[in-house]
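Have a look at the structure below, then the notes.
All values reported here derive from a predicted model rather than from experimental measurement. Note that ligands are numbered from 1 as they come in the structure, with each ligand's atoms numbered from 1 the same way.
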Amino acid sequence: MNRLSVLAELFREGWRSRRALVLAYLGVTALDIAAVAGFALALRSFVHQALAHHYPGAVPGALVAAVCWSLSTAGVSARTNLVYLLAESTGLELNSRVLALVAGLEDLARLEQPEYADHVDLVRGGGDVIARSAWLSVEVLSALTRLTAVLVVMAFIAPPLLAVAAGLVPALLLSRRGQHHIRGALKRTAPHARLAEHLHHLLTEPAPGMEIRIAGAHETLRARAHGAWTALLTGQERAQWRAAGLSVTGWAVFAAGNTLALLLLVRSVGAGDLAPADVLVLLTLTTTLRTQAEGTMATLRQAADGVHLLESYCYLTRVGSGRPPGSGGTRLPPPSALREGIALRGLSFGYPGSKAPVLRDIDLLLPAGATVALVGEHGAGKTSLVKLLCGLYEPTGGSILVDAVPLGRIPAPAWWAKITAGFQDHARFAFLAREAVGAGELSALDDRERITEALTAGGAREFVSALPAGLETQLGSEFGGEELSGGQWQRLALSRAGMRRAPLLCVLDEPTASLDARSEYELHRRQARLARVTGARHGTVTLMVTHRFSTVRMADLIVVLSRGSIVEQGSHADLMAKDGSYASMYRMQEAGYREKGGR
Ligand SMILES: Nc1ncnc2c1ncn2[C@@H]1O[C@H](COP(=O)(O)OP(=O)(O)OP(=O)(O)O)[C@@H](O)[C@H]1O
């Protein structure tokens with residue numbers, strides 16, 4: 001989408017949703033233009049009659065001039081309010097479109113690209129600024145029409161006064177150039193703004209606040225935040241100075257045009273070409289012209305405030321939410337049940353901007369109905385593999401086949417509908433407890449029976465029933481609700497993951513990290529039972545990522561990753577017999593537990 005099409009869409013949206021406001025705005029604008037021209041003409045008639053001592057003849061001119069002046073003055077305030085109302089309502093729609101674009105991104109790698117992140121930061125919550133800028137651009141047109149009306153009247157009285165108009169052109173162009181510098185500076189300083197905002201969050205939110213206080217890092221971080229703000233302001237201040245310099249130059253040219261006009265007036269009066277009454281009218285109109293020109297510049301500046309946001313919005317709509325081109329082909333639906341399983345063929349992956357791949361030449365079959373455990377040292381690539389399997393990132397090489405259908409050919413939302421997932425970094429939905437769990441399957445948000453079943457599977461039933469209003473309890477202290485412990489939030493996340501009935505892939509990426517050993521053990525036994533049932537019915541693959549080997553040993557297939565490659569795979573018995581890295585990690589952990597138990 002380009003700027004013009006976004007503007008056209010905004011105006012269409014305004015016309016669709018607030019037609020009465022748009023009509024009122026157009027009506028007031030037309031009246032205002034007529035009032036400005038009417039004032040000039042009526043003033044001329046009034047002054048001519050008055051200076052010729054025809055007082056009754058001067059009255060209509062005086063009355064019309066007074067009415068036009070009042071209309072014009074009231075018009076300014078009416079238009080300001082109408083633009084505000086139109087911007088608010090169409091801006092709301094824009095904000096919701098931005099959220100839809102970003103939240104619906106199929107390829108999460110985009111969110112990690114600094115250019116994309118900068119545009120999202122700029123445009124976040126700024127829908128009303130963009131919309132205001134769009135409606136103000138109509139204001140600029142109307143202001144230019146008013147200016148033209150005044151100029152036409154002046155030129156009609158004394159054509160040489162068009163020199164004043166000539167002086168206006170550079171003033172307007174230079175002011176526009178200044179706004180261009182300001183927009184450029186905003187774009188260049190966006191990374192400083194992002195850093196400053198990140199530090200601001202770290203310093204003002206409770207969770208990071210604990211670590212920062214204990215580490216005594218708040219002063220250093222505050223100084224860094226100050227540095228980022230300073231870099232941001234310095235970059236923008238320079239552009240503001242340049243814009244101010246250009247604006248002053250423009251006005252100096254306008255003033256020179258005015259001086260020239262005055263000299264021409266004096267000469268015309270001296271030569272008897274111009275009546276003294278016309279001189280008086282022209283002097284008044286020159287002042288009106290200056291006020292109109294200043295108003296136009298101010299409107300232009302305000303309109304320009306939103307232009308850089310408009311550009312960011314255009315960028316986001318151009319990029320869209322779908323996968324990058326090239327990953328298409330005919331779209332295919334996911335199978336309703338797995339027969340063979342999910343196969344990874346020569347799979348490689350690197351994060352955007354990272355030099356080295358984090359996964360290399362992975363060949364693996366996750367058999368239908370099996371429980372697979374993924375183990376390996378920290379940073380081995382386990383979560384990265386999970387993200388690829390969930391279709392959240394695109395592989396950089398090789399492919400993932402779901403019963404022989406390439407995952408890239410299955411529309412991401414259709415694949416997500418076939419997955420359930422519990423992550424260590426789970427979301428804390430501060431909603432009603434019922435909604436926080438039901439969000440795992442929106443169609444069952446009100447299905448209390450199914451939610452209760454999911455709570456049982458996630459080990460959260462007991463504490464949710466003890467909440468003041470049970471399932472209907474508001475969670476999250478920031479909304480005046482009940483605050484939960486880390487383990488309780490985690491159990492809710494696990495319950496959420498248990499809401500879907502017929503998933504093809506169930507991912508559990510260290511979802512029990514906040515639970516004690518007994519709870520974890522019980523939970524895994526329940527999950528193993530569920531995995532057997534869904535595995536037999538739908539061929540569901542259950543993929544666990546965990547560092548606890550008591551859980552790992554229950555899996556049908558264990559895959560050991562090291563530095564992005566598979567180094568071993570097989571059952572617990574196979575791998576113990578092999579006596580390789582799995583066996584050594586297993587024995588080490590077993591010895592650790594024995595030591596703790598012995599103490
Ligand atoms: N969003 C990201 N952008 C760039 N690099 C990343 C990103 N996430 C992870 N990495 C890198 O990819 C590598 C693998 O990370 P990954 O999270 O997959 O490891 P892991 O095996 O799950 O580790 P852990 O057991 O600690 O969770 C690491 O070197 C990490 O630095």
Side-chain angles (χ1 to χ4, degrees), residues 102-103 105-118 120-121 191 194-195 198 201 211 323-324 342 344 347-364 366 372-398 400 407 412 419 421-427 486 490 493-494 497 505-515 520 524 541-553 555 557-569 575 580-582 584-586 588-589 592:
V102 181
L105 263 187
E106 290 184 9
D107 182 13
L108 283 195
R110 284 213 193 282
L111 275 182
E112 302 189 16
Q113 290 164 351
E115 189 187 6
Y116 191 91
D118 284 344
V120 173
D121 274 356
R194 201 144 36 92
L195 175 62
H198 174 59
H201 281 307
E211 283 187 45
R323 292 183 187 284
I342 303 174
L344 316 180
L347 191 78
S348 308
F349 177 65
Y351 284 97
S354 305
K355 286 193 193 103
V358 293
L359 292 171
R360 277 180 226 91
D361 300 323
I362 305 278
D363 282 302
L364 175 67
L366 308 174
V372 181
L374 205 51
V375 297
E377 77 269 20
H378 290 296
K382 304 180 292 294
T383 299
S384 304
L385 189 56
V386 164
K387 289 177 186 169
L388 294 186
L389 281 166
C390 289
L392 295 167
Y393 287 76
E394 287 269 295
T396 38
I400 299 175
L407 184 56
I419 300 176
F423 295 105
Q424 183 178 2
D425 296 328
H426 52 270
Q490 189 145 51
L494 272 164
L505 175 66
C506 168
V507 170
L508 299 168
D509 187 352
E510 299 190 50
T512 49
S514 307
L515 304 187
E520 189 196 7
H524 275 295
V541 171
T542 300
L543 180 67
M544 294 186 295
V545 178
T546 174
H547 290 281
R548 304 222 180 146
F549 282 78
S550 52
T551 301
V552 172
R553 61 174 299 168
L557 173 68
I558 298 164
V559 179
V560 186
L561 268 186
S562 177
R563 298 182 187 181
S565 301
I566 296 181
V567 288
E568 282 174 14
Q569 56 174 303
L575 297 182
S581 56
Y582 173 79
S584 97
M585 284 190 281
Y586 182 84
M588 217 184 296
Q589 203 171 81

Q | Whether Glu510 side chain and Thr383 backbone form a donor-acceptor pair below 3.5 Å | A | no
**Q.** Test item: Thr542 side-chain N/O and Cys506 main-chain N/O as donor-acceptor pair under 3.5 Å
**A.** no
Q | Passing candidate, side-chain contact (heavy atoms from CB on, under 4.5 Å) with Leu344, options Ile566, Asp361, Ile400 | A | Ile400
**Q.** Enumerated ligand 1 atoms positioned under 4.0 Å from heavy atoms of Ser384
**A.** 14 (C), 15 (O), 16 (P), 18 (O)
Q) Which ligand 1 atoms are under 4.0 Å away from a heavy-atom of His547? A) 25 (O)
(Q) Could you check whether atom 31 (O) of ligand 1 has a protein contact, counting only heavy atoms that fall below 4.0 angstrom? (A) no
What protein heavy atom sits nearest [atom], and how far off is it?
atom	result
atom 9 (C) of ligand 1	Tyr351 CE1, 3.5 Å
atom 23 (O) of ligand 1	Gly379 N, 2.8 Å
atom 17 (O) of ligand 1	Thr383 CB, 3.7 Å
atom 12 (O) of ligand 1	Val358 CG1, 3.0 Å
atom 24 (P) of ligand 1	His378 ND1, 3.5 Å
atom 25 (O) of ligand 1	Lys382 NZ, 2.8 Å

Q: Answer yes or no: is there an ion pair linking Lys382 with Asp509, defined by an N-O contact shorter than 4.0 Å?
A: no
(Q) Can you confirm whether Tyr586 sits close enough to Leu575 that some side-chain heavy atom of one is under 4.5 Å from a side-chain heavy atom of the other? (A) no
**Q.** Minimum-distance pair of heavy atoms, taken over all atoms of Leu388 and Pro395
**A.** CD2-N, 4.0 Å
Q.
Tell me the closest heavy-atom pair linking Ile362 and Leu561, and the distance in Å.
A. CD1-CD2, 3.8 Å
**Q.** Parallel, tilted or perpendicular: ring planes of Phe349 versus Tyr393, cut at 30 and 60 degrees
**A.** perpendicular
Q.
Below a 4.0 angstrom heavy-atom separation, can you tell me which part of Glu510, side chain or backbone, both or neither, approaches ligand 1?
A. side chain
Q: Please confirm whether Gly376 comes under 4.0 Å of ligand 1, counting heavy atoms of the residue only.
A: no
Q.
With nothing but distance in play, are any N or O atoms of Tyr393 less than 3.5 Å from an N or O of ligand 1?
A. no
